[in-house]
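Keep in mind it's a predicted model, so treat the numbers as computed, not measured. Letters A, B, ... are given to chains in the order of the sequence lines, protein chains preceding strands, and every chain is numbered from 1.
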There are 2 protein chains.
Amino acid sequence: MNIGEAASASGVSAKMIRYYEQIDLIPPAGRTEAGYRIYDEDAIATLRFIRRARDLGFSVEEMAALLALWRDKNRASAEVKRIAEDHVADIERRIRELQGMANTLRHLASHCHGDHRPDCPILEDISEGEAAPALQPPSQRTGFRRR
Amino acid sequence: MNIGEAASASGVSAKMIRYYEQIDLIPPAGRTEAGYRIYDEDAIATLRFIRRARDLGFSVEEMAALLALWRDKNRASAEVKRIAEDHVADIERRIRELQGMANTLRHLASHCHGDHRPDCPILEDISEGEAAPALQPPSQRTGFRRR
DNA sequence: CTTGACCTTCCCATGATGGGAAGCTCTATC
DNA sequence: GATAGAGCTTCCCATCATGGGAAGGTCAAG
């Protein structure tokens, strides 16, 4: 199996397979005489494991730890569980952050009439910040242009 | 006000102030004869607006749009509301993604006894993926090393 | 033998942020 | 006035995971 077949069999792009090899997440693939990478079933299984872990939001570093544990038949399941639970806690923290933002924005948007009139509580609030007094927008132009 | 004072007055780091200037999110600051950037109250107000928007998770591109609307006294509030609501929808989508991950991982972890024994449903599931048959971990070593 | 699909390496870009070096400037103290 | 140290300038590099693309070699089908 060459890298393209390995990519479609595993769901990991060829680009990423080379990258994972480069950062030593996976061992260097064997090569044909012409220099093409070749992959066997073991390698595909590893790539599928990586893809699934990535879909669950694990970082490359966490995937490295999980891979090492996966290969270690004598691992203690406690360590795997700890990694998973740490990751869950991390995800939950990010969810709370996002929920805070969404709640604030929903609240602001609900007070914005959303028509052609110019007054808008959303901008007024953003210019105020958490506790600072209201600020007037500067007269300056920002000069922002898309590049 | 020089850049350090502007940074502490606005909560945006000096590094980021220079960056925002470089990408044309804010106009080039005035300079002293020696080349130091100088900021007036209008500029500080803009930086505070940016910091608040950033805290609400707006991207630089969205901040550019909000800034333009903030400065435009004749803006229609509908446009601001649309940007805010799009952003809320985006945040909600990310929350759902994270919740899916967290649910899967919590489910897996709850079935892992988490002791010194090696069998672990978490790794078994990750190696299976969504619908593929269970895979055996490869005998290969991955060669992963921290760098 | 040609064509087109695929492979290789190498470089660059993303978004938002920080680190740090080399060199200039300002301010307070001696 | 000299000197020290804090603060400013620009420039380059790194992050994390991913993709784009160029230049050039290889393989398989016709």
* What is the minimum heavy-atom distance between B:A45 and B:W70, and which atoms define it? -> O-CH2, 3.7 Å
Whole angstrom is fine here: how far is it from [atom1] in [X] over to [atom2] in [N]?
X: B:E5; N: D:dA6; atom1: CD; atom2: P; result: 16 Å
X: B:Y19; N: D:dA14; atom1: OH; atom2: C1'; result: 15 Å
X: A:K15; N: C:dC6; atom1: NZ; atom2: C1'; result: 14 Å
X: B:N2; N: C:dT27; atom1: CG; atom2: C1'; result: 12 Å

* Asked: At under 4.0 Å between heavy atoms, what does B:S59 touch on the DNA or RNA strands: base, sugar-phosphate, or nothing?
  -> sugar-phosphate
* Asked: Considering only side-chain heavy atoms of B:A34, which listed nucleotide, C:dT17, C:dC7, C:dC26, is closest?
  -> C:dC26
* **Side chain of A:M16 - closest among D:dT9, C:dT17, D:dG19** => D:dG19
Is the shortest side-chain N/O distance from [X] to OP1 or OP2 of [N] below 4.0 Å?
X: B:S13; N: C:dG18; answer: yes
X: B:Y20; N: C:dT17; answer: yes
X: A:R37; N: C:dT8; answer: yes
X: A:R31; N: C:dT9; answer: yes
X: B:R18; N: D:dT9; answer: yes

* Between A:R31 and A:I38, is a side-chain contact (heavy atoms from CB on, under 4.5 Å) present by the stated rule, with each step listed? -> CA-CA 6 Å; A:R31 299 289 183 129; A:I38 41 180; 5.7 Å; no
* To do: Give a yes or no on whether a donor-acceptor pair under 3.5 Å exists between the nucleobase atoms of D:dG25, that is its base, and the side chain of A:Y36.
  => yes
* Asked: Does A:R37 pair with A:E21 as a salt bridge, N-O distance under 4.0 Å?
  -> yes
* Asked: Do you know which of A:L25, A:I26, A:L56 makes side chain to side chain contact (heavy atoms under 4.5 Å, CB included) with A:M63?
  -> A:L25
